[in-house]
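Residue numbers begin at 1 in each chain, while the letters A, B, ... track the order of the sequences.
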Amino acid sequence: MEYRHDAGLEDLCPVCGDKVSGYHYGLLTCESCKGFFKRTVQNNKKYICAENQECRIDKAQRKRCPFCRFQKCLHVGMRLEAVRADRMRGGRNKFGPMYKRDRALKQQRKALIQANGFRIESSPLLVSSTHQRDLTFTGGLHQVPILHSASLPAAQNDRISYQPQSLLLPSYSPAATQYQGTSFSNWTIKSERTNNCASSPGPAAGVGSDELHLRAFSPQGPRMPQLVMEFLRCDPDELQLQSKITARLVQEQTVWEKHGNLSTFSLMCLMADQMLFSIVEWARTSIFFKQLKVSDQMKLLHSCWSDLLLLDIISRQVLYGKEGSLLLVTGQEMELSDITSHAGPTLVSLVQRGQELVEKLHILKVDRQEFACIKFLVLFNSDVNQLEDHHFIESVQEQVEGALLEYTLCNSSHLLGRFAHLLLCLSELRSLSSLAEDYLYCKHLSGEVPCHNLLIEMLHGKRSWA
DNA sequence: TTAGCCTTGAAG
DNA sequence: CTTCAAGGCTAA
């Protein structure tokens with residue numbers, strides 16, 4: 001077959017690595033993944049993974065596990081909404097301008113590479129770098145916009161308008177229509193992906209690990225102890241986390257919708273649940289922790305899961321969030337005033353204290369490196385009872401403290417005071433997460449937390465360990 | 001079910 | 001008119 005997309009010649013399909021045949025459903029993919037994605041979405045197919053939902057997808061094995069293949073399609077950023085519900089053929093959709101921009105950028109990059117006389121291997125990371133999601137919410141009696149429109153300027157005049165749909169649920173699904181008129185029917189998602197590394201990232205745009213790597217060695221970058229570098233390496237990339245959790249929530253939601261409509265609170269629980277899975281995954285694959293016996297791993301995680309969850313939420317606000325709103329892991333934003341005006345006194349106080357902590361950390365200008373250290377500090381708590389490898393955990397704790405101290409001393413002007421402040425924030429975090437846990441447990445007892453999730457398991461776990 | 005090729009049709 | 005990303009068709 002003749003190749004018409006010269007700009008895409010060097011690109012490989014981000015799903016399976018096969019030859020790209022053009023833009024399909026949001027990005028450059030091969031013909032087979034295009035077809036697979038279309039069949040899956042159009043026929044509302046549900047797959048089950050026979051393994052551990054982490055099958056490798058490449059050209060040779062892509063047929064083996066459709067579940068993981070579809071997960072990967074969503075993960076790399078293929079767009080459900082680009083599959084037409086009415087099956088209309090031909091024409092152009094709202095992604096047209098985006099494809100055009102992307103093409104221009106690739107051209108630019110190519111020219112730059114040629115001009116500089118060097119080559120850069122094209123990586124999937126470059127193809128799907130920044131990924132902004134945007135959402136507005138009109139709930140119940142009130143018009144509550146929870147995310148600001150910073151979306152496609154071109155989309156505003158677009159022929160195809162966004163249909164009201166449930167959060168994360170693609171409009172093609174028949175279930176989305178069932179939602180019409182329910183309390184959750186008016187979530188609208190606006191999305192934009194810009195395939196440009198050079199463009200200024202959105203508020204939720206994390207720093208890719210490559211960039212961090214470069215920055216660590218750059219002369220003007222912060223001085224970085226070896227261990228801090230290692231912690232950063234373990235830290236998941238914010239954008240990858242965003243698309244992974246969004247993809248999982250899409251699947252979750254299709255399951256839950258069968259039981260009726262989801263409240264905002266329930267949805268937040270499902271989101272927290274997915275965040276917990278990611279936290280466990282992070283811990284399992286992290287330096288030091290992976291060397292522990294499973295029994296010790298369990299004890300540590302059971303003791304600090306809520307601290308880690310809260311730390312994850314808080315660090316996101318400090319690093320990428322903006323004042324007065326809550327940035328979710330999915331990249332969506334909620335106005336804090338909207339949350340507190342609909343919440344009870346306990347939640348209001350929790351949100352306020354959380355906000356104060358965010359403010360403190362913001363003033364201290366805590367960066368990703370320090371948050372990465374704090375996460376390890378939270379995880380390796382030698383005060384946990386009946387640890388088998390107590391000595392090792394204690395020594396890790398000391399090493400982390402040392403690394404954090406060294407880093408803060410080298411990179412801040414307030415010297416020791418700053419380190420002490422960070423530790424104070426850590427104790428505030430712990431007391432806050434403990435309150436949040438109690439709050440959640442009460443909600444669980446009153447039946448408001450969706451069942452069968454990791455969140456509940458952790459809530460019960462800690463109470464039986466105690 | 002997959003994946004390569006074909007047809008369609010709005011945008012430019 | 002051409003382009004090219006949608007959906008459709010069909011042999012393997």
Side-chain angles (χ1 to χ4, degrees), chain A residues 1-51 53 55-108 110 124 127-128 131 151-163 165 170-174 176 189-196 251:
Chain A
M1 188 180 136
E2 218 206 304
Y3 229 88
R4 282 187 302 212
H5 312 281
D6 52 340
L9 259 172
E10 69 274 47
D11 282 317
L12 298 177
C13 173
V15 180
C16 71
D18 200 354
K19 197 172 66 176
V20 154
S21 73
Y23 286 91
H24 304 296
Y25 310 107
L27 42 81
L28 288 166
T29 73
C30 69
E31 195 64 24
S32 71
C33 288
K34 164 200 154 189
F36 171 77
F37 190 76
K38 182 187 70 178
R39 287 193 301 275
T40 302
V41 177
Q42 279 183 337
N43 305 322
N44 198 16
K45 284 182 187 298
K46 294 282 177 284
Y47 308 113
I48 293 169
C49 176
E51 300 289 320
Q53 307 195 348
C55 306
R56 239 185 87 84
I57 304 297
D58 54 32
K59 193 184 172 189
Q61 305 187 68
R62 65 192 177 198
K63 281 194 265 193
R64 290 247 291 255
C65 181
F67 178 91
C68 291
R69 190 181 186 182
F70 188 59
Q71 286 290 107
K72 195 162 177 195
C73 286
L74 293 171
H75 185 85
V76 300
M78 289 183 83
R79 300 305 194 84
L80 295 161
E81 65 269 37
V83 179
R84 296 172 186 165
D86 59 4
R87 299 198 166 200
M88 192 194 76
R89 302 172 78 182
R92 288 280 189 276
N93 64 12
K94 71 188 170 71
F95 294 113
M98 185 177 92
Y99 296 144
K100 200 176 159 186
R101 270 205 306 276
D102 190 52
R103 227 177 246 121
L105 283 162
K106 279 189 201 308
Q107 205 65 49
Q108 223 172 48
K110 212 164 117 184
V127 176
S128 55
H131 198 152
S151 197
L152 289 174
Q156 285 161 4
N157 304 326
D158 202 271
R159 186 174 50 86
I160 302 161
S161 61
Y162 292 96
Q163 294 301 308
Q165 55 190 239
S171 56
Y172 71 88
S173 165
I189 296 178
K190 294 176 184 169
S191 306
E192 175 180 24
R193 52 179 306 114
T194 50
N195 298 336
N196 175 20
Q251 292 226 330

Query raised in the report: Who passes side-chain contact (heavy atoms from CB on, under 4.5 Å) against A/R87, sequence neighbours left out?
Result: A/Q42, A/N43
Requested in this report: Examine C/dA6: is either OP1 or OP2 under 4.0 Å from a nitrogen or oxygen in the side chain of A/R87? Give yes or no.
Outcome: no
Requested in this report: Report yes if a side-chain nitrogen or oxygen of A/R69 is closer than 4.0 Å to either non-bridging phosphate oxygen (OP1 or OP2) of B/dA3; otherwise report no.
Outcome: yes
Requested in this report: Have a look at the helix from B/dT1-C/dA12 to B/dG12-C/dC1 and give the angle its two end axes make, five pairs each, rounded to 10 degrees.
Outcome: 10°
**Report entry** Atom pair distance, as rounded to whole Å: NZ in A/K100 and P in B/dA10
**Finding:** 19 Å
Query raised in the report: Does the side chain of A/N44 come within less than 4.5 Å of A/K46's, by heavy atoms?
Result: yes
Query raised in the report: Is any side-chain N or O of A/K34 under 3.5 Å from a base N or O of C/dG7, one able to act as donor and the other as acceptor?
Result: yes
Query - Atom-to-atom span, CD of A/Q61 to C1' of B/dA3 - whole angstrom - result: 18 Å
Requested in this report: Kindly say if A/Y99 contacts the phosphate of C/dA6, meaning a side-chain N or O under 4.0 Å from OP1 or OP2.
Outcome: yes
Query raised in the report: With distance as the sole criterion, do the side chain of A/R62 and the base of B/dT2 form a donor-acceptor contact below 3.5 Å?
Result: no
Query raised in the report: When the distance from CG of A/L27 to C1' of C/dA6 is rounded to whole Å, what number comes out?
Result: 15 Å
Query raised in the report: If you check every side-chain atom of A/R92, which of B/dG9, B/dG4, B/dT2 has the closest atom?
Result: B/dG9
Query raised in the report: With a 4.5 Å limit on heavy-atom distance, are the side chains of A/F95 and A/E81 in contact?
Result: yes
Report summary line: Between NE2 of A/H24 and C1' of B/dC5 the distance, given in whole Å, is 12 Å
Report task. With the side chain counted from C-beta on, respond yes when A/P66 and A/R39 share a heavy-atom pair under 4.5 Å apart, and no when they do not. Result -> no
Query raised in the report: Atom CZ of A/R89 and atom P of C/dA6: how far apart are they, to the nearest Å?
Result: 14 Å
**Report entry** Phosphate contact (C/dA6 OP1 or OP2) by A/Q42 side-chain N/O below 4.0 Å
**Finding:** no
Requested in this report: Round to a whole Å and report the spacing from NZ of A/K94 to P of C/dA6.
Outcome: 10 Å
**Report entry** Minimum heavy-atom distance A/C49-A/Q53, with the two atoms named
**Finding:** SG-N, 3.2 Å
Requested in this report: First locate atom CG of A/D58, then atom CZ of A/R64, and finally report the distance between them rounded to the nearest 0.5 Å.
Outcome: 9.0 Å
Query raised in the report: Within less than 4.0 Å of OP1 or OP2 of C/dG7, is there a side-chain N or O belonging to A/Y25?
Result: yes
Requested in this report: Would you please confirm or rule out a distance under 4.0 Å between OP1 or OP2 of C/dA5 and any side-chain N or O of A/N93?
Outcome: no
**Report entry** Residue closer to the 5' end of DNA chain B, A/K45 versus A/G90 (nearest nucleotide)
**Finding:** A/K45
Report summary line: All heavy atoms of A/K34 vs all of A/Y25, minimum pair found to be O-CE1, 3.5 Å
Please table the atom pairs, donor to acceptor, closer than 3.5 Å between any side-chain atom in residues 67-74 of chain A and protein atoms at least two apart or in another chain.
residue, atom, partner, partner atom, Å
A/R69, NH2, A/S32, OG, 3.2
A/Q71, OE1, A/Q251, NE2, 3.2
A/K72, NZ, A/V15, O, 2.8
A/K72, NZ, A/I57, O, 3.4

Query raised in the report: Rounded to the Å, how far apart are A/R39 CZ and B/dT1 P?
Result: 8 Å
Report task. Starting at atom NZ of A/K38, determine the distance to atom P of B/dT2, rounded to an integer number of angstrom. Result -> 12 Å
